[in-house]
There are 4 protein chains.
Amino acid sequence: MSLCDSADPPRRRRKEARPQELTAAALELFTERGFAATRLEDIAARAGVSKGTLYLYFDSKEALFEAVIREGIIPAMNEGRTMLEEHQGSASELLRCLLLGWWELLGESPLGGVPKLMVSEAGNFPKVAAFYRENVIDPGRALLREALQRGMDQGEFRPVDVGMAVDVIFAPILMLAVWRYSIGPCCAEEERDPVRFLDTHFDLLIKGLRP
Amino acid sequence: MSLCDSADPPRRRRKEARPQELTAAALELFTERGFAATRLEDIAARAGVSKGTLYLYFDSKEALFEAVIREGIIPAMNEGRTMLEEHQGSASELLRCLLLGWWELLGESPLGGVPKLMVSEAGNFPKVAAFYRENVIDPGRALLREALQRGMDQGEFRPVDVGMAVDVIFAPILMLAVWRYSIGPCCAEEERDPVRFLDTHFDLLIKGLRP
Amino acid sequence: MSLCDSADPPRRRRKEARPQELTAAALELFTERGFAATRLEDIAARAGVSKGTLYLYFDSKEALFEAVIREGIIPAMNEGRTMLEEHQGSASELLRCLLLGWWELLGESPLGGVPKLMVSEAGNFPKVAAFYRENVIDPGRALLREALQRGMDQGEFRPVDVGMAVDVIFAPILMLAVWRYSIGPCCAEEERDPVRFLDTHFDLLIKGLRP
Amino acid sequence: MSLCDSADPPRRRRKEARPQELTAAALELFTERGFAATRLEDIAARAGVSKGTLYLYFDSKEALFEAVIREGIIPAMNEGRTMLEEHQGSASELLRCLLLGWWELLGESPLGGVPKLMVSEAGNFPKVAAFYRENVIDPGRALLREALQRGMDQGEFRPVDVGMAVDVIFAPILMLAVWRYSIGPCCAEEERDPVRFLDTHFDLLIKGLRP
DNA sequence: AATGAATGAGCATTCATTCAT
DNA sequence: CATGAATGAATGCTCATTCAT
């Protein structure tokens with residue numbers, strides 16, 4: 001009820017929260033405009049701080065970029081692995097959970113911008129791209145590979161070229177995420193429905209894997 | 001009659017070819033580094049002209065970008081349409097031809113960078129993105145939709161949500177192209193084989209469409 | 001009664017000593033890097049305090065600079081004057097004592113950096129330069145002038161243009177000091193020996209002053 | 001008589017003259033204010049060009065500094081050497097010519113600021129300082145050493161510690177130059193007369209060197 | 001008194017764009 | 001047509017200064 005309900009939080013609190021506030025703002029803007037076209041001043045403004053404050057937490061624009069990617073990764077993989085280990089049902093179910101889980105994590109949150117950002121900037125940040133591959137792409141592929149293999153071992157899926165199949169399978173989800181942060185919004189097409197899209201993908205996939 | 005007939009290409013030719021040489025150079029660099037991070041001077045240098053010359057053919061950096069996309073589009077659709085109209089075989093064959101044809105067009109030539117470029121820059125060029133959607137994405141979807149529909153009508157494919165399926169189906173090809181110009185090169189993974197990838201995609205797809 | 005009587009120096013002491021610790025640190029860094037190129041944060045760090053603390057004692061970077069010069073002056077002149085008043089021996093001896101005394105004061109301690117600092121920054125701090133001239137240069141010249149005059153009056157020196165001679169005489173000592181804080185250290189020349197240098201200076205000087 | 005006598009010289013001309021115009025402007029301002037306190041924009045303005053133009057000729061502020069020193073050196077040494085080689089008169093005369101020649105070169109022109117600049121900035125530019133020592137200080141010392149040695153060999157001068165004496169001898173000229181660009185101007189002392197100063201220096205010196 | 005997080009003016013540097021040649 | 005010297009707005013980054021704690 002107070003008039004200044006939104007007063008600044010105590011300094012101590014801010015100090016610890018700042019880096020995340022900044023990387024969050026940076027992620028949004030980098031995703032929207034690309035790295036080079038984003039001004040640090042805009043990032044700072046979106047995070048509600050001044051230009052100089054950025055440099056208390058990050059050494060340079062590039063360091064901020066790296067932090068954005070690094071942060072965008074942490075939550076992604078753990079869930080997938082636990083899902084894989086604890087899952088009891090059929091391989092189809094597992095595959096569905098993995099892919100839908102990803103979408104829920106990536107698609108709905110700003111984190112979904114990371115893949116588009118990485119696709120756009122990999123050429124300018126080979127180091128970061130390598131880091132991303134090691135920590136996101138490779139583990140992600142491994143998860144899917146395990147799920148596929150389990151299904152094949154149990155006779156639920158027919159034999160396929162697993163190494164290729166994981167990328168084929170993941171491509172539609174990836175494109176869904178990339179799309180949302182690139183051509184999608186500006187064409188404002190009658191709001192392509194992700195659920196219908198994923199259902200269709202899944203339908204085709206499961207039928208395609210039938211022995 | 002010219003004093004230097006031999007060494008340099010004939011002036012008349014150059015003059016007409018210039019715009020294409022410039023957009024070609026621009027496409028390569030825009031794809032590699034992104035629009036904002038590419039310097040006009042580098043584009044000019046790669047095309048073998050001076051910075052000022054660019055402005056004889058294009059009003060601004062943005063105009064050049066538009067021209068790059070516009071040029072990258074022209075050859076893409078016609079082949080697909082004639083293929084659709086003239087194809088005699090099964091719907092599966094038609095689908096295969098369409099997708100492989102695309103890959104040959106996108107994957108092997110620098111034109112393959114256009115989708116990655118468009119994905120990266122759509123947010124900064126909504127007009128161009130709309131143009132791209134109208135002239136590339138929508139016609140492309142229409143082609144695939146027709147092929148799918150034909151297969152369904154002939155009982156070769158089971159019924160699916162066609163509107164969604166076209167994007168699901170195209171996603172792996174798109175990803176293959178995008179990858180090649182983003183994360184792929186810098187990770188130098190044991191040269192992922194596009195043919196095997198497309199075969200797997202096709203195998204899954206055709207089985208998935210079986211009635 | 002204090003809870004931490006042992007480790008840190010007593011608070012009372014620190015408080016009074018702070019300004020000198022700060023000007024001492026500032027003198028070193030200003031001398032090494034110049035005024036503009038020295039960061040207040042570095043000065044604070046060298047003095048073992050935080051950036052903000054500086055402003056408890058000095059209003060601004062410029063005020064700190066003034067204090068540095070002011071402090072660097074206090075001890076310089078008194079000794080010379082007493083030496084002049086109490087000296088009993090020959091004028092040559094007096095001159096030697098004055099010049100060597102200066103060198104001991106300037107050359108061995110960090111105070112030797114003051115002349116170099118003043119030379120470098122006079123243009124940016126005309127006020128401070130005027131202050132320096134009034135309180136250091138003029139009195140110094142007066143001391144030397146008196147010594148020279150005494151020698152001339154006593155027939156020990158031949159007549160010379162005293163006003164000019166004092167600067168001629170002092171130049172080598174000044175140069176020795178300035179050198180040590182500028183070109184000297186980075187060229188690491190076989191450690192030019194100040195004593196030999198001063199001896200030679202003196203030898204030439206005394207012979208040059210012989211009637 | 002034309003109204004536009006001072007019109008811009010043809011482009012070609014400027015292109016070649018620019019670097020010198022810029023280093024000349026830079027020398028003045030670096031000397032006056034020091035390296036760090038001089039803004040590139042001011043240098044450009046003094047040279048009558050825009051900020052960006054500087055970067056057509058120099059890669060960075062530091063590169064400009066180096067060029068300033070490098071340029072300030074070229075004319076300095078050659079004269080001295082030819083003077084040494086061609087001189088016919090007494091060693092005293094030679095010494096006088098060398099020192100006065102230096103003063104005319106250094107003292108009257110803006111080049112006189114170079115020593116003060118070097119003294120001030122040596123600590124921040126060790127590389128340049130080393131270059132300066134090798135190309136100016138060392139050759140200068142060598143010239144004076146030869147002159148002294150010649151006088152001693154011919155019995156015109158008594159034996160002295162030559163290595164030290166050269167610096168002792170040069171110190172007053174150096175200080176005269178340094179002074180002019182540091183404390184001198186801002187104290188506006190009754191315009192210390194360089195000629196009287198040098199005469200006194202010479203008088204003392206020659207008498208001091210008498211056998 | 002002391003801290004150090006936050007600020008924002010200031011500067012070096014880049015690069016799209018212009019235009020005299 | 002073609003050039004490339006010149007421009008100056010834009011932006012990453014620094015650092016003196018402030019102030020809540």
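Order of the sequence lines fixes the chain letters, A, B, ..., with proteins taken first and strands second; residue numbering starts at 1 for each chain. Heavy-atom basis, side chains included; hydrogens, waters and symmetry copies ignored. Bear in mind that the values here come from a model prediction, so they are computed numbers and not experimental data.
- At dT3(E), one or more side-chain N or O atoms of S50(C) fall inside 4.0 Å of OP1 or OP2 (strictly under the cut-off).
- Computed from coordinates, the L54(C) CG to dG4(E) C1' distance equals 13 Å when rounded to whole Å.
- Counting heavy atoms from C-beta on, the side chains of T23(B) and F58(B) come closer than 4.5 Å.
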Intermediate values then yes/no, side-chain contact (heavy atoms from CB on, under 4.5 Å), V128(D) and M118(D): CA-CA 9 Å; V128(D) 183; M118(D) 206 60 251; 4.2 Å; yes
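- Between L111(C) and L27(C), the closest side-chain pair of non-hydrogen atoms falls below 4.5 Å.
- You'll find the side chain of F35(C) stays beyond 4.5 Å of the side chain of N124(C), heavy atoms only.
- DNA chain F is contacted by both L56(D) and T53(B); T53(B) maps to the nucleotide lying nearer its 5′ end (nearest heavy atom per residue).
- Using a 4.5 Å heavy-atom cutoff, the side chains of Y181(D) and L117(D) are not in contact.
- OP1 and OP2 of dA1(E) both lie 4.0 Å or more from every side-chain N or O belonging to R18(C).
- The shortest side-chain heavy-atom distance between F125(C) and E66(C) does not fall under the 4.5 Å cut-off.
- Taking a cutoff of 4.0 Å between a charged side-chain nitrogen and a carboxylate oxygen, R46(A) and E32(A) qualify as a salt bridge.
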Base versus backbone protein contacts along nucleotides 12-18 of chain F [heavy-atom cut-off under 4.0 Å; B, S, -]: SBBSSBB
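- Every residue two or more places apart in sequence or in another chain was checked for a side chain to side chain donor-acceptor pair (under 3.5 Å) with S60(A), and none qualifies.
- When the nucleotides dT3(E), dT3(F), dT7(E) are ranked by their closest atom to the side chain of V49(B), dT3(F) comes out on top.
- The terminal axes of the helix from dA2(E)-dT21(F) to dT21(E)-dA2(F), fitted over 5 pairs per end, subtend an angle of 0° to the nearest 10°.
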